[in-house]
Number of protein chains: 2
Amino acid sequence: MTLAEQAYQQVRWDIISGALPPNQPLRLEQLKQRYGVGFSPIREALNRLQSDRLVVNVALRGFTVAPISIAEMWDAIETRCLIEGDALRRSIEKGDDAWEAHVVAAYHALMLKAKSVSTLPRPVSEADLRALEERHHAFHRALIAGCQSQWLLDFADKLYVETERYRFPNLRDSSPLPDRDIGNEHQVLMTTVLARDADTATQLLQTHYRNTGRILADLIGPLTAV
Amino acid sequence: MTLAEQAYQQVRWDIISGALPPNQPLRLEQLKQRYGVGFSPIREALNRLQSDRLVVNVALRGFTVAPISIAEMWDAIETRCLIEGDALRRSIEKGDDAWEAHVVAAYHALMLKAKSVSTLPRPVSEADLRALEERHHAFHRALIAGCQSQWLLDFADKLYVETERYRFPNLRDSSPLPDRDIGNEHQVLMTTVLARDADTATQLLQTHYRNTGRILADLIGPLTAV
DNA sequence: CCTGGCAATATTTTCGAAAATCTTTATTTA
DNA sequence: TAAATAAAGATTTTCGAAAATATTGCCAGG
């Protein structure tokens, strides 16, 4: 793997996890130090992150971490509902045995990690949270992986990462909500998908995302209102 | 504007127009000469184009122009129908007077250019074709610009460029089809949009794209089958 | 004649310095 | 004092050379 690729993944994670907070100016000299590489790989990473909308760049005035806002979060969530809703529908219609198998496997892997993390003493390490996050992403990707559209999958990936910027930092801070069982929601969703009930599954998926949005809006709203 | 930005726009156009054909290896030394800039701006441009899926990159083995195929074209078209269909619907619901004005203006500008180009002696110059293409893009963007979703607009832009790779090269080669009046299709579409008839407008837009797809598939298919 | 390994060449990737541009600070002028 | 101007400093952008890696062509051994 090239240094540019490594830098890309590291900066990307630091933005998602919040280590590099929204609107933070990204000075090249400082990033060079932080990630221990030269200018070229850093610039390459930042250019790619710009296409992901994780950083913004004004010509000759450098890069900053992209801002976040409640409005932008809802835009990402609603667009995700559209993209993944359609992709899930197509997956359920066209998905073969291999697709089903991957869905089951990804769900199982997610559950195992969720269980193991839940028994860990707080605060949970960055590495464990990241591992859990990887499997969460893998599960959601597996659901729509049978849609046979590379464009839908690409867009879904971009939107997943974007919404994660809102979800992840609150995952660390707040304790799990007593009135919401994410594990159960995932299981019901998978069961419905495997039963090939496209309408119900799409509804469940979208409701899942919108409920998350409402909770996050309540958590973030008061803070940004200050 | 930075050199990297200029290089980006130039390479992008050369790929869309077909001057740099699909699968063409992009040697840095050669591009450096062609566009008259150093390594850094070229690499920056290629990295951005990779995010647009116009070039592909294998680590340490360099960049090539992204391949095209009938299957990929249909994927782009169908995804575009989904994205722009929803965006158009939202535009019609939420669009204000300023949005309507921009639609009318963009349509008018497109018609003017189309008329002027149609009177020009063949072959039409690259510059004229590009100018016409810019206005065509602007019109389609204006239609959905009222949707109030930056994500939908971003995705629509990406897909527009991708489908243009299939449409544009055939625009130059083949004469206009006698049984299809694109100008009329655009006018009917705009009238329906301004009448705020979301269902009909969405149908027209999607049919417009799918008809184009069928024609292009017939033109391209025989060639690639060789 | 074919195949595997090795040197030579070509290409990409990375680095650090130089050039270009923006920002800040100090100074002058009205 | 406020506005405008100029110098100094900081930062981004660009370049070309050096390092790392891949590809090609050649030769020996089976």
Side-chain angles (χ1 to χ4, degrees), chain A residues 1-16 18-68 154 161 165, chain B residues 1-16 18-68 154 161 165:
Chain A
M1 190 165 50
T2 64
L3 293 182
E5 176 70 20
Q6 290 174 48
Y8 170 73
Q9 291 185 13
Q10 288 186 65
V11 179
R12 187 172 120 128
W13 174 252
D14 284 344
I15 292 174
I16 293 170
L20 293 171
N23 301 308
Q24 166 115 184
L26 299 167
R27 303 267 169 257
L28 291 174
E29 190 57 45
Q30 172 191 326
L31 296 181
K32 215 178 87 154
Q33 304 254 298
R34 177 170 187 151
Y35 301 104
V37 294
F39 285 124
S40 310
I42 290 288
R43 277 190 73 82
E44 204 153 318
L46 292 177
N47 271 292
R48 290 180 58 189
L49 289 164
Q50 194 185 2
S51 298
D52 295 338
R53 283 181 50 170
L54 292 178
V55 314
V56 293
N57 167 243
V58 204
L60 298 172
R61 248 172 274 184
F63 298 86
T64 58
V65 178
I68 62 175
D154 276 11
V161 170
R165 291 190 71 194
Chain B
M1 190 166 50
T2 64
L3 293 181
E5 175 70 19
Q6 290 175 47
Y8 170 73
Q9 292 185 13
Q10 288 186 67
V11 179
R12 187 172 121 130
W13 174 252
D14 283 345
I15 292 174
I16 294 170
L20 294 171
N23 301 308
Q24 165 116 184
L26 298 168
R27 304 267 169 257
L28 292 174
E29 190 57 46
Q30 170 191 328
L31 296 181
K32 214 177 86 154
Q33 304 253 299
R34 177 169 186 150
Y35 300 105
V37 295
F39 285 125
S40 311
I42 290 288
R43 277 190 73 82
E44 204 155 317
L46 292 177
N47 271 292
R48 291 180 58 190
L49 288 164
Q50 195 185 1
S51 299
D52 295 339
R53 283 182 49 171
L54 291 178
V55 314
V56 295
N57 168 243
V58 206
L60 298 172
R61 248 173 277 185
F63 298 85
T64 57
V65 177
I68 63 175
D154 277 10
V161 171
R165 290 190 73 192

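Labels below follow one simple rule: chain letters A, B, ... track the order of the sequence lines, proteins then strands, and each chain is numbered from 1. All values derive from a computational prediction rather than experimental measurement.
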>> Can you see if the side chain of Arg43(B) gets near the phosphate of dT13(C) - specifically, an N or O under 4.0 Å from OP1 or OP2?
In response: yes

>> Between Asn57(B) and Leu60(A), which residue's closest nucleotide on DNA chain C lies nearer the 5′ terminus?
In response: Asn57(B)

> Any chance the side chains of Tyr8(A) and Asp52(A) put a donor and an acceptor closer than 3.5 Å?
Replying inline: yes

> Below 4.5 Å, heavy atoms only, C-beta onward: do Glu29(A) and Phe39(A) meet side chain to side chain?
Replying inline: yes

> Taking all non-hydrogen atoms of both residues, which atom of Gly62(B) and which atom of Asn57(B) are closest, and how far apart?
Replying inline: O-ND2, 3.2 Å

>> Closest-nucleotide mapping onto DNA chain C: is Gly38(A) or Ala59(A) further toward the 5' terminus? I mean the 5' end.
In response: Gly38(A)

>> Regarding Ser40(B), tell me which of base, sugar-phosphate or nothing describes its non-hydrogen contacts under 4.0 Å with the strands shown.
In response: base

>> Rounding to an integer number of Å, can you tell me how far Leu28(A) CG sits from dC22(C) C1'?
In response: 14 Å

> Leu31(A) and side-chain contact (heavy atoms from CB on, under 4.5 Å): which partner among Asp14(A), Val11(A), Val37(A), Leu26(A)?
Replying inline: Leu26(A)

> Could you state the CG-P distance from Asn47(A) to dT13(D), rounded to the nearest angstrom?
Replying inline: 9 Å

>> How many whole angstroms separate atom CG of Leu31(A) from atom P of dT12(D)?
In response: 8 Å

>> With heavy-atom distances below 4.5 Å as the criterion, would you say the side chains of Arg53(A) and Asp154(B) are in contact?
In response: yes

> To the nearest Å, how far apart are Glu29(A) CD and dA17(C) C1'?
Replying inline: 12 Å

> Can you name the nearest heavy-atom pair linking Pro22(B) to Val65(B), along with the distance?
Replying inline: CA-CG1, 3.7 Å

> Between Arg61(B) and dT23(D), is there a side-chain N or O to OP1/OP2 distance below 4.0 Å?
Replying inline: yes

> How large an angle, rounded to 10°, do the end axes of the helix from dC1(C)-dG30(D) to dA30(C)-dT1(D) enclose when each is built from five base pairs?
Replying inline: 10°

> Atom CD of Gln30(A) and atom P of dA10(D): how far apart are they, to the nearest Å?
Replying inline: 15 Å

> Where do Pro41(A) and Ala7(A) come nearest, in terms of heavy atoms and distance?
Replying inline: O-CB, 4.2 Å

> If you check the Ala4(A) side chain, which of dT14(C), dC15(D), dC15(C) turns out closest?
Replying inline: dT14(C)

> Which parts of residues 20-27 of chain A get close to DNA chain D, meaning a heavy atom less than 4.0 angstrom away?
Replying inline: Leu26(A), Arg27(A)

> Taking the side chain of Leu3(B) as its heavy atoms from C-beta onward, which of dT13(C), dC15(C), dC15(D) lies nearest to it?
Replying inline: dC15(D)

>> Whole angstroms only, please: what is the CZ-P distance between Phe39(B) and dT11(C)?
In response: 11 Å

> Ignoring hydrogens and geometry, is there a side-chain-to-backbone donor-acceptor pair from Arg165(A) to Ala66(A) under 3.5 Å?
Replying inline: yes

>> In whole Å, I'd like the distance from the CD atom of Glu5(B) to the C1' atom of dT13(D).
In response: 13 Å

> Rounded to the Å, how far apart are Lys32(A) NZ and dC15(C) P?
Replying inline: 8 Å

> How far apart are the C-alpha atoms of Ile15(A) and Arg12(A), what are their side-chain angles, what is the distance that settles it, and do they pass the side-chain contact (heavy atoms from CB on, under 4.5 Å) test?
Replying inline: CA-CA 5 Å; Ile15(A) 292 174; Arg12(A) 187 172 120 128; over 6 Å; no

> Going through the distances and angles, do Arg48(A) and Glu5(A) end up as a side-chain contact (heavy atoms from CB on, under 4.5 Å)?
Replying inline: CA-CA 10 Å; Arg48(A) 290 180 58 189; Glu5(A) 176 70 20; 2.8 Å; yes

